Visitor: 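Quick one: the structure is below, questions incoming.
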Amino acid sequence: MENLNWSELGFGYIKTDYNVRCYYRDGKWGELEVSSSEIINIHMAATCLHYGQESFEGLKAFRGKDGKIRVFRMDENAKRMQSSSRGIKMAELPVEMFEEAVRKVVKLNERFVPPYESGAALYIRPLMIGLGAQVGVKPAPEYMFMIFVTPVGPYFKGGFQPSKVCVLREYDRAAPNGTGTIKVGGNYAASLVAGEIAHSKGYAAVLYLDPKEKKYLDECGPANFFGIRGNSYITPQSHSILPSITNKSLQQLAEDMGLTVERRPVPFEEIATFDEAAECGTAAVIAPISQIDDLDENKSFVIAKDGKPGPVCEKLYHKLRAIQYGDEPDTYGWISIIE
């Protein structure tokens with residue numbers, strides 16, 4: 001794209017050429033359709049508008065030094081979308097169809113995949129919504145699955161640099177045994193108030209505590225949290241945390257680097273013992289945390305004392321990105337090359 005400055009891209013929406021769509025009607029999925037329109041027509045009584053029957057995913061395509069386009073772990077996104085569908089009673093899209101749609105939409109918009117070493121990638125956004133006129137609270141009779149793509153730069157303007165997060169106990173991201181473990185829009189709507197308060201005070205994100213007892217670490221803004229202590233990679237486990245594909249991948253890499261992986265309830269006080277801490281997800285990969293401020297208790301925990309990412313976070317970040325871009329061999333079968 002001659003008029004796009006790839007290295008200056010933010011994390012936002014840029015119009016691309018095509019999106020793909022598929023409808024679920026009469027108990028079955030139809031064929032994939034290609035559209036150049038950014039608009040969708042939906043009935044005003046559709047369940048996605050009234051009862052939150054909506055789920056989405058996020059993944060990326062990367063252009064390697066060899067010019068090939070690689071997509072990272074799309075089968076995991078497909079399975080997580082099925083889990084979301086089960087969680088809010090939507091039709092499940094077969095994994096093969098999800099993967100076919102990803103391949104198709106990336107290929108159709110190939111000219112928008114940023115060049116190697118630009119620091120940018122093609123963000124892929126699958127979406128499923130409940131359609132069909134419904135006034136009673138019940139699952140929709142029809143669904144639409146679609147994927148659009150947009151080239152994006154780093155999620156945080158500073159890139160791979162530590163930032164501060166805060167704890168706000170009066171806000172919950174999701175309920176225990178609610179929809180926290182599935183990727184639905186309502187979880188993100190529920191985080192907007194706390195997120196805006198945090199941003200207005202100069203923090204990158206809110207570090208949520210568990211919604212039941214307010215004793216354990218939960219999610220960090222829209223991402224998973226992990227801490228490094230000595231030779232351990234420690235990440236919270238609960239009934240309200242979304243299983244992050246990035247976190248899952250980092251745990252595998254950490255294990256292979258000789259770290260002990262601990263996935264368990266993590267008491268809030270434990271943050272004082274961490275050598276490093278970070279949030280992780282598709283958008284940012286790893287966003288190191290320099291400081292955690294407990295605004296309710298007026299306490300501050302400084303983690304990155306020199307203001308730089310820690311050595312383990314740095315190693316994990318560069319290793320994962322090297323696999324995504326094809327700079328290092330993919331020994332895990334995580335990469336799909338778009339031919």
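On a predicted model such as this, the values are computed, not experimentally measured, just so you know.
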Visitor: Hey, is the main chain of Cys280 close enough, under 3.5 Å, to the side chain of Thr246 for a donor-acceptor pair?
Guide: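 Pair absent, no side-chain N/O of Thr246 close to backbone of Cys280.
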Visitor: Is it the case that the side chain of Asp75 and the backbone of Val95 share a donor-acceptor pair, with hydrogens and angles ignored and the cut-off at 3.5 Å?
Guide: no
Visitor: Could you check whether any side-chain N or O of Asp293 sits under 3.5 Å from a backbone N or O of Ser300, counting only pairs where one atom can act as donor and the other as acceptor?
Guide: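 Not confirmed, Asp293 side chain does not pair with Ser300 backbone.
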Visitor: Determine whether a donor-acceptor pair (N or O, by modelled atom type, separation under 3.5 Å) exists between the side chain of Glu76 and the backbone of Ile245.
Guide: no
Visitor: Who pairs with Arg80 by salt bridge (Lys or Arg N to Asp or Glu O under 4.0 Å), at least two apart in sequence or on another chain?
Guide: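 In terms of salt bridge (Lys or Arg N to Asp or Glu O under 4.0 Å), with neighbours along the sequence ignored, Arg80 is linked to Glu57.
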Visitor: Please answer: with hydrophobic residues joined when any side-chain heavy atoms are less than 4.5 Å apart, are Tyr24 and Met128 in the same cluster?
Guide: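 Cluster IDs for Tyr24 and Met128 match.
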Visitor: Would you mind reporting whether Gln82 and Arg86 have side-chain heavy atoms less than 4.5 Å apart?
Guide: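 Answer yes - side chains close enough.
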Visitor: Less than 6.0 angstrom separating the ring centers of Phe301 and Phe274, yes or no?
Guide: no
Visitor: Phe160 ring centre to Arg321 NZ or CZ under 6.0 Å, with the angle to the axis within 45°?
Guide: no
Visitor: Would you find more than 12 non-hydrogen atoms of other residues, nucleotides or ligands less than 6.0 Å from Asp26 atom CG?
Guide: no
Visitor: If you count the non-hydrogen atoms of other residues, nucleotides and ligands that lie under 6.0 Å from NE2 in His50, is the total more than 12?
Guide: yes
Visitor: Taking atom CG of Asn247 and atom CD of Glu279, what is their separation to the nearest 0.5 Å?
Guide: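 It comes to 12.0 Å.
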Visitor: Tell me if the centroids of the rings in Tyr233 and Phe226 come within less than 6.0 Å of each other.
Guide: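 Tyr233 vs Phe226: aromatic centres under 6.0 Å.
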Visitor: Could you tell me if Asn224 and Glu219 have a donor-acceptor pair between their side chains, going purely by distance under 3.5 Å?
Guide: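 Result is yes, a qualifying pair exists.
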Visitor: Do Met90 and Ser84 touch side chain to side chain, with heavy atoms closer than 4.5 Å?
Guide: no
Visitor: Less than 4.0 Å between a side-chain N and a carboxylate O, is that true for Glu110 and Lys107?
Guide: yes
Visitor: Do the non-hydrogen side-chain atoms of Asp330 and Arg70 ever get within less than 4.5 Å of each other?
Guide: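 Result no, sub-4.5 Å side-chain heavy-atom pair not found.
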Visitor: Taking the basic N atoms (NZ, or NE/NH1/NH2) and the acidic carboxylate oxygens, is any pair closer than 4.0 Å for Arg21 and Glu33?
Guide: no
Visitor: The test is side chain to side chain contact (heavy atoms under 4.5 Å, CB included); show your working for Tyr13 and Glu38 and say whether it passes.
Guide: CA-CA 11 Å; Tyr13 177 77; Glu38 296 171 278; 2.6 Å; yes
Visitor: For the NZ atom on Lys15, are there more than 12 heavy atoms of other groups (residues, nucleotides or ligands in this structure) within a distance under 6.0 Å?
Guide: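 Enclosed.
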Visitor: Let me confirm one number: the CD-CD1 distance from Glu100 to Ile147, rounded to the nearest 0.5 Å.
Guide: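 Interatomic distance, Glu100 CD to Ile147 CD1, rounded to 0.5 Å: 10.0 Å.
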Visitor: Test of understanding: clusters of I, L, V, M, F, W, Y form through side-chain heavy atoms closer than 4.5 Å, transitively. Do Met144 and Ile42 belong to the same one?
Guide: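 Yes, one cluster joins them.
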Visitor: Roughly how far apart are Leu250 CG and Ser244 OG, rounded to 0.5 Å?
Guide: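 Those atoms lie 7.5 Å apart.
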Visitor: Dump the intermediate steps for side chain to side chain contact (heavy atoms under 4.5 Å, CB included) on Leu93 and Ser85, then the final yes or no.
Guide: CA-CA 8 Å; Leu93 185 81; Ser85 290; over 6 Å; no
Visitor: Under a 3.5 Å threshold, yes or no: a donor from one side chain and an acceptor from the other, between Tyr143 and Gln53?
Guide: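 Checked: Tyr143/Gln53 side chains pair up, N/O donor to acceptor below 3.5 Å.
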Visitor: Less than 4.5 Å apart, side chain to side chain, heavy atoms only: is that true for Cys220 and Ile289?
Guide: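 When only atoms from C-beta onward are counted, Ile289 and Cys220 do touch, with a gap below 4.5 Å.
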Visitor: Given 3.5 Å as the limit, does a donor-acceptor pair link the side chain of Trp29 with the main chain of Glu92, or not?
Guide: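 Answer holds: yes.
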Visitor: Could you tell me whether a side-chain N or O of Asp294 sits under 3.5 Å from a main-chain N or O of Asp296, the two making a donor and an acceptor?
Guide: yes
Visitor: Under 3.5 Å, side chain of Lys65 to main-chain N/O of Asp327, donor-acceptor pair present?
Guide: no
Visitor: Taking the side chain as every heavy atom from C-beta outward, state whether Lys319 and Asp256 have any atom pair closer than 4.5 Å.
Guide: no
Visitor: Under the rule for side-chain contact (heavy atoms from CB on, under 4.5 Å), what residues qualify as partners of Ala194, not counting sequence neighbours?
Guide: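 side-chain contact (heavy atoms from CB on, under 4.5 Å) list for Ala194, sorted by chain: Leu168, Tyr171, Val206, Tyr208.
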Visitor: May I ask you to check whether over 12 heavy atoms, not counting those of Glu297, lie within 6.0 Å of atom CD?
Guide: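 More than 12 within 6.0 Å, yes.
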Visitor: Tell me, do Met97 and Cys22 make a side-chain contact under 4.5 Å, heavy atoms counted?
Guide: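 Yes; the side chains approach each other to less than 4.5 Å.
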Visitor: Determine whether Tyr51 and Leu127 fall in the same hydrophobic cluster, where Ile, Leu, Val, Met, Phe, Trp and Tyr are linked whenever their side-chain heavy atoms lie under 4.5 Å apart.
Guide: no
Visitor: Would you compute the distance between atom CD1 of Ile228 and atom CD1 of Ile303 and round it to the nearest 0.5 angstrom?
Guide: 11.0 Å
Visitor: Do NZ/NE/NH1/NH2 and the carboxylate oxygens of Arg111 and Asp17 come within less than 4.0 Å?
Guide: yes
Visitor: Does the side chain to side chain contact (heavy atoms under 4.5 Å, CB included) test come out yes or no for Val34 and Val20, once each step is laid out?
Guide: CA-CA 5 Å; Val34 175; Val20 297; 4.3 Å; yes
Visitor: Let me confirm one number: the CE-CG distance from Met74 to Leu59, rounded to the nearest 0.5 Å.
Guide: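 Between atom CE of Met74 and atom CG of Leu59 there are 8.5 Å.
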Visitor: Check whether any side-chain heavy atom of Asp210 sits under 4.5 Å from a side-chain heavy atom of Pro176, and report yes or no.
Guide: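 No, too far: nothing below the 4.5 Å cut-off.
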Visitor: Where is the tightest heavy-atom contact between Cys313 and Ile286, given as atom of each residue plus distance?
Guide: O-CD1, 3.8 Å
Visitor: In terms of the angle between their ring planes, are Phe145 and Phe98 parallel, tilted or perpendicular, with boundaries placed at 30° and 60°?
Guide: tilted
Visitor: Under 3.5 Å, side chain of Thr235 to main-chain N/O of Arg263, donor-acceptor pair present?
Guide: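 Not confirmed, Thr235 side chain does not pair with Arg263 backbone.
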Visitor: For the residue pair Glu262 and Ser232, confirm or rule out a side-chain donor-acceptor distance under 3.5 Å.
Guide: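 Per modelled atom types, Glu262 and Ser232 side chains form a pair under 3.5 Å.
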Visitor: Between Val106 and Phe56, is there shared hydrophobic-cluster membership here, with clusters defined by ILVMFWY side-chain heavy atoms closer than 4.5 Å?
Guide: no
Visitor: Can you tell me if OH on Tyr18 sees more than 12 non-hydrogen neighbours from other groups inside 6.0 Å?
Guide: no
Visitor: For Tyr188 and Lys183, which I'm curious about, is there any donor-acceptor pair between the side chains at under 3.5 Å?
Guide: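 Yes, because at least one side-chain N or O of Tyr188 sits under 3.5 Å from a partner of the opposite role on Lys183.
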Visitor: Calculate, to the nearest 0.5 Å, the distance between atoms CD and CG belonging to Glu270 and Leu217 respectively.
Guide: 8.0 Å
Visitor: When you measure from the side chain of Asn231 to the backbone N and O of Thr260, does any donor-acceptor pair fall under 3.5 Å?
Guide: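 Pair absent, no side-chain N/O of Asn231 close to backbone of Thr260.
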Visitor: Taking atom NZ of Lys214 as the centre, does the number of heavy atoms from other residues, nucleotides or ligands within less than 6.0 Å exceed 12?
Guide: yes
Visitor: Verify side chain to side chain contact (heavy atoms under 4.5 Å, CB included) between Ser240 and Lys212, making sure each step is shown before the conclusion.
Guide: CA-CA 10 Å; Ser240 51; Lys212 192 175 181 183; over 6 Å; no
Visitor: Counting C-beta onward and ignoring hydrogens, is there a side-chain heavy-atom pair between Ser249 and Arg73 closer than 4.5 Å?
Guide: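 They are in contact (side-chain heavy atoms under 4.5 Å apart), so the answer is yes.
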Visitor: Between Ser35 and Ser37, is there a side-chain donor-acceptor contact under 3.5 Å, judged purely by atom types and distance?
Guide: no
Visitor: Hey, quick one: are Tyr203 and Ile271 part of the same hydrophobic cluster, counting side-chain heavy atoms closer than 4.5 Å, chains of contacts allowed?
Guide: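 No.
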Visitor: Looking at Ala121 and Ala61, what are the two nearest heavy atoms and their distance?
Guide: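 The answer is CB-O, 3.6 Å.
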